[in-house]
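Notes follow once the structure below has been shown.
As the structure lists them, so they are numbered: ligands from 1, and atoms in each ligand from 1. Note that the numbering runs from 1 along the sequence shown for the chain.
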Amino acid sequence: MNIETIRAAFADHFGNTAGSVYASPGRINLIGEHTDYNGGFVFPGAIDKCMTAEIRLNGTNKIRVVALDLNETAEFGLDEADAPQQQWGRYIFGVCREIIKRNGKIGGFDTVFSGDVPVGAGMSSSAALESTYAYALNDLYNLGIDKFELAKIGQATEHNYVGVKCGIMDQFASLFGKAGNIMLLDCRSLEHKYYPFNPKGYKLALLDTCVKHVLAENPYNKRRESCEHVASVIRNRHPEVEFLRDATLDMLKEVKAEVSTEDYMRAEYVIEEVQRVMDVCSALERGDYETVGEKMYGTHEGMSKLYEVSCEELDFLNDIARKCGVTGSRVMGGGFGGCTINLIKEELYDAFIQEAFAAYNTRFGINPKLYEVVISDGAHKIA
Ligand code: GLA
């Protein structure tokens with residue numbers, strides 16, 4: 001990220017007194033998809049792609065924002081009625097509102113932001129933006145909010161100001177990321193453990209289908225409703241089941257006649273996925289990347305056939321990966337487009353990337369995008 005460009009734009013719009021600069025990253029997720037809002041486990045890591053913002057308090061009640069990459073500006077107040085029109089503005093507004101709801105005393109500020117987290121690629125650009133502002137305002141106003149609550153502020157922003165009933169994974173990863181480590185996160189208790197992740201002899205690559213997903217148009221929220229519904233039906237017989245994370249496939253089978261086929265499939269995927277995360281965790285401890293990879297393919301299959309959040313382009317890239325002998329490959333993030341994450345033996349890497357590009361281009365008439373990511377630190381102040 002070019003901080004000088006942000007600095008120059010800031011000076012241009014708001015005068016020469018510089019502000020402070022903060023950044024917060026996007027994330028990858030090794031495994032554990034759609035498990036977070038089911039109280040389950042996820043295995044994300046922050047990456048070397050961030051949303052970066054320069055911010056200076058302005059002593060008014062107004063927030064003035066420049067979205068550098070979009071070449072757009074917005075100005076809005078801090079009251080509920082002041083919500084801006086632009087989606088990107090609502091992320092910043094929502095963070096402010098959620099801080100205020102938690103009795104955080106904040107006022108207006110001037111800000112310029114820019115980022116290199118690809119939008120709509122399943123790398124959580126929106127969580128990165130929320131985390132940047134939550135982290136920065138907490139610091140600038142000395143609010144003393146801990147990082148757990150900052151993550152919840154970002155999540156609540158999605159729920160209340162964007163309309164996506166997301167889990168906690170993305171915001172958590174963006175705030176708690178640690179260079180060289182992925183984290184096993186229990187999304188119910190928020191207990192987490194860091195795992196060094198530097199598989200010798202393997203590379204990690206993200207292949208972007210360049211198909212954009214729009215999570216707010218409800219397919220995401222609908223999946224969540226299905227899961228919560230099935231959990232509540234199982235709970236009638238097994239009161240200990242708070243989330244699907246607590247359910248077993250046997251419990252699910254017991255209620256088969258009481259839920260729709262579609263809801264059954266959704267729950268089946270989630271229960272299996274929670275188990276896959278556990279399996280990957282012990283495989284990682286053994287350094288057994290073959291098993292890690294096999295589970296990744298399992299996730300893809302489940303997300304495609306049972307959870308139905310894949311698409312033709314993602315399935316296509318997944319098939320190519322299999323054909324090329326890639327160790328593990330799957331759709332990453334919410335689905336409905338975006339990237340596959342691929343764990344590849346170094347000696348197969350070039351051949352796979354070449355084949356994936358050529359075949360994808362022949363089939364869809366466009367190239368996928370390749371991202372190599374470095375697992376990096378979470379939210380931080382740059383200057
Ligand atoms: C999106 C959501 C996350 C999570 C993933 C799927 O990224 O924001 O909370 O549910 O999808 O694992």
Q) Can you check whether Asp170 has an N/O within less than 3.5 Å of an N/O in ligand 1? A) yes

Q: Considering only NZ, NE, NH1 and NH2 on the basic side and carboxylate oxygens on the acidic side, decide whether Arg237 and Glu258 come within less than 4.0 Å.
A: yes

Q: Would you mind listing which atoms of ligand 1 come within a distance below 4.0 Å of any non-hydrogen atom of Asp36?
A: 3 (C), 4 (C), 9 (O), 10 (O)

Q) Counting both backbone and side chain atoms, is some N or O of Tyr220 under 3.5 Å from an N or O of ligand 1? A) yes

Q) Would you say ligand 1 has an N or O under 3.5 Å from any N or O of Asn29? A) no

Q. Are there more than 12 heavy atoms of other residues, nucleotides or ligands under 6.0 Å from atom NZ of Lys222?
A. no

Q | Worked verdict on Tyr349 versus Glu372 for side chain to side chain donor-acceptor pair (under 3.5 Å) | A | CA-CA 12 Å; Tyr349 184 84; Glu372 290 181 24; 2.7 Å; yes

**Q.** Electrostatic pair Arg223:Glu308 at N-O distance under 4.0 angstrom
**A.** no

Q. Within 45° of the axis and under 6.0 Å from the centre of the six-membered ring of Tyr264, does NZ or CZ of Lys256 qualify?
A. yes

Q: Mark the output for Arg27 as yes if a heavy-atom distance to ligand 1 is under 4.0 Å, and as no if none is.
A: yes

Q | Best match, Arg223, His34, Met332: closest heavy atom to atom 6 (C) of ligand 1 | A | His34

Q. Can you list the ligand 1 atoms lying under 4.0 Å from a non-hydrogen atom of Met169?
A. 4 (C), 5 (C), 12 (O)

Q: May I ask you to decide whether Glu242 forms a salt bridge with Arg188, counting only side-chain N to carboxylate O separations under 4.0 Å?
A: yes

**Q.** Gly167: numbered ligand 1 atoms lying under 4.0 Å from its heavy atoms
**A.** 9 (O)

Q. Under 6.0 Å from the six-membered ring centre of Tyr37 and within 45° of its axis: does the NZ or CZ of Lys165 meet both?
A. no

Q: Considering the heavy atoms of Tyr37, write down every atom of ligand 1 situated less than 4.0 Å from one of them.
A: 10 (O)

Q: Give a yes/no verdict on a cation-pi contact between Arg64 and Phe109, requiring under 6.0 Å between NZ or CZ and the six-membered ring centre and an angle within 45° of the axis.
A: no

Q. With atoms numbered from 1 as shown, which atoms in ligand 1 lie under 4.0 angstrom from a non-hydrogen atom of Glu33?
A. 6 (C), 12 (O)

**Q.** ligand 1 to Cys166 polar contact by distance, N or O atoms, under 3.5 Å
**A.** no

